[in-house]
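The block underneath contains the structure these notes are about, expressed in structure tokens.
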Amino acid sequence: MRRVSKTRIVWTRVLALAAILSGGTLLAQEPPLIDLVSEPARAGQQRPVTFTFGGVAFHNPKPIPELPLQVLLESIAPSKEIPNVKVVQVLIKNIGTEPYPLPVGRDGDAALRPANRGRHEFWFGLKAPRERQPYLPGKQTYSSADLPGSVMLIPPNGTVRVRYSVYVNPSGRDWKGDDQGHVVVKASCEDLSYDDSPSKYVVHTPNPKAVSGNEMTISLK
């Protein structure tokens with residue numbers, strides 16, 4: 001009995017040590033942060049855009065494809081510098097079976113120039129599903145197969161944290177809200193992909209989207 005008891009004690013200590021080491025490793029592997037508040041993207045020049053609908057018939061529209069991303073809305077706080085701007089933080093998880101190429105480039109002109117291949121424009125915003133105008137655009141990132149460093153590969157089950165800002169006009173929209181001026185919102189992501197065409201900008205629609213499963217309430221004041 002004594003030997004068994006000592007063996008159990010030894011294994012208990014080993015497992016406890018492994019748990020501590022494992023926990024330390026997990027703490028060290030904090031999700032990378034894409035901070036579009038401190039380092040905003042440059043949209044660049046206005047581009048005439050043509051849309052292709054990929055064979056989607058208007059009388060029998062197909063559902064909008066979903067991105068293989070799970071979005072968790074972590075926080076929304078008023079900006080300390082700019083009035084009526086909300087700073088949004090989300091956690092994005094790749095729930096697909098393949099690495100997901102998330103656009104992280106900040107220079108729209110460099111990524112979306114006509115000669116580039118595999119061009120993407122990725123939008124982070126807010127959705128207010130109970131409002132008449134439900135989408136609030138936030139910030140965007142860009143990528144191209146010909147622009148090194150413009151893509152962050154998120155492995156399956158991998159996560160990345162994104163912080164971005166959204167302008168919320170307290171009076172410019174016909175908000176329904178409640179009597180206290182509050183609106184319910186969700187975080188939204190949208191991927192705009194461009195055709196490989198050196199002569200014009202062609203965007204494929206519908207654009208895959210992902211919306212957070214949770215929601216938060218913001219004040220319009």
Side-chain angles (χ1 to χ4, degrees), residues 15 17-41 52 54-56 62-76 87-108 110-112 116-127 129 135 137-166 185-196 203-216:
L15 292 174
L17 180 59
I20 292 172
L21 293 175
S22 175
T25 302
L26 290 175
L27 289 175
Q29 292 177 346
E30 185 73 13
L33 172 65
I34 301 172
D35 194 344
L36 299 177
V37 177
S38 62
E39 190 183 352
T52 64
V56 177
K62 297 180 181 179
I64 296 176
E66 293 184 359
L67 291 168
L69 302 175
Q70 184 181 71
V71 183
L72 174 65
L73 179 54
E74 292 190 317
S75 65
I76 303 178
V87 177
V88 183
Q89 183 167 295
V90 297
L91 186 68
I92 297 177
K93 179 179 181 180
N94 179 8
I95 57 175
T97 58
E98 300 291 335
Y100 182 79
L102 180 69
V104 295
R106 306 293 202 270
D107 192 338
L112 301 181
N116 285 356
R117 301 164 299 164
R119 296 169 294 175
H120 287 262
E121 184 173 345
F122 201 91
W123 278 88
F124 299 94
L126 290 175
K127 288 186 70 70
Y135 183 66
K139 298 300 179 182
Q140 66 270 41
T141 52
Y142 308 92
S143 70
S144 165
D146 296 318
L147 184 63
S150 64
V151 168
M152 175 184 288
L153 286 178
I154 308 176
N157 295 316
T159 58
V160 62
R161 186 167 276 120
V162 183
R163 186 180 296 136
Y164 57 94
S165 58
V166 177
V185 295
K186 297 185 175 187
S188 173
C189 299
E190 183 173 350
D191 179 25
L192 285 73
S193 61
Y194 288 76
D195 189 17
D196 290 341
V203 176
H204 297 290
T205 56
N207 307 310
K209 300 178 181 181
V211 179
S212 64
N214 64 326
E215 59 189 21
M216 291 186 178

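Please read all numbers here as calculations on a predicted model, not as lab measurements. For the numbers below, each heavy atom of this structure counts, side chains included, while hydrogens, waters and symmetry mates do not.
Ser165 is not listed as a side-chain neighbour of Val88, based on a closest heavy-atom distance of 4.5 Å or more. A heavy-atom distance below 4.5 Å is not found between the side chains of Leu72 and Val90. In this structure the side chain of Glu215 never reaches within 4.5 angstrom of the side chain of Leu73, judged on heavy atoms. Within the 4.5 Å cutoff, no side-chain heavy atoms of Val104 are placed close to those of Val151. Residues Asn157 and Asn94 form no side-chain contact, since every pair of their non-hydrogen atoms from C-beta on lies 4.5 Å or further apart.
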Just do the salt bridge (Lys or Arg N to Asp or Glu O under 4.0 Å) check on Arg163 and Asp35 with the steps written out, would you?
-> CA-CA 5 Å; Arg163 186 180 296 136; Asp35 194 344; 3.1 Å; yes

Stepwise, does the side-chain contact (heavy atoms from CB on, under 4.5 Å) test hold for Ile92 with Phe124?
-> CA-CA 11 Å; Ile92 297 177; Phe124 299 94; 3.7 Å; yes

Stepwise, does the salt bridge (Lys or Arg N to Asp or Glu O under 4.0 Å) test hold for Arg161 with Glu74?
-> CA-CA 9 Å; Arg161 186 167 276 120; Glu74 292 190 317; 2.7 Å; yes

Which is it for Cys189 and Val71 under the side-chain contact (heavy atoms from CB on, under 4.5 Å) test, yes or no, and what are the steps along the way?
-> CA-CA 8 Å; Cys189 299; Val71 183; 4.0 Å; yes

For Leu36 and Thr141, run side-chain contact (heavy atoms from CB on, under 4.5 Å): C-alpha distance rounded to whole Å, both residues' side-chain angles, the deciding distance at 0.1 Å, then the answer.
-> CA-CA 9 Å; Leu36 299 177; Thr141 52; 3.7 Å; yes

Does the salt bridge (Lys or Arg N to Asp or Glu O under 4.0 Å) test come out yes or no for Glu39 and Arg106, once each step is laid out?
-> CA-CA 8 Å; Glu39 190 183 352; Arg106 306 293 202 270; 3.6 Å; yes

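Here Ser143 contributes atom OG and Phe122 contributes atom CZ; the two are 9.5 Å apart, rounded to the nearest 0.5 Å. To the nearest 0.5 angstrom, Gln89 atom CD is 10.5 Å from Tyr164 atom OH. For the atom pair Arg119 CZ and Tyr194 OH, the distance stands at 7.5 Å (nearest 0.5 Å). Summarising the geometry, atom CD1 belonging to Ile76 is positioned 6.0 Å from atom CE belonging to Met216; distances are rounded to the nearest 0.5 Å. With rounding to the nearest 0.5 angstrom, the OG1 atom of Thr159 is 8.0 Å from the CD1 atom of Ile154. Interatomic distance, Ser150 OG to Leu102 CG, rounded to the nearest 0.5 Å: 10.5 Å.
When all heavy atoms of Pro99 and Pro101 are compared, the closest pair comes out as O-CD, 3.7 Å. Closest of all the heavy-atom pairs between Tyr135 and Ser188 is CE1-OG, 3.9 Å. Closest heavy-atom contact between Val166 and Gly138: CG2-CA, 3.8 Å. Across all their heavy atoms, Pro32 and Val160 have their closest contact at O-CG2, 3.3 Å.
Donor-acceptor pairing under 3.5 Å is lacking for the side chains of Tyr100 and Glu98.
Remark: side-chain polar atoms of Asn214 are not paired, donor with acceptor, to backbone N or O of Lys186 under 3.5 angstrom. With Tyr142 contributing its side chain and His120 its backbone, the two residues share no donor-acceptor pair below 3.5 Å. The backbone N or O of Leu192 sits nowhere less than 3.5 Å from a side-chain atom of Asn207 that would complete a donor-acceptor pair.
Comment: Asp146 engages Arg117 in a salt bridge, judged by a side-chain N to carboxylate O separation of less than 4.0 angstrom.
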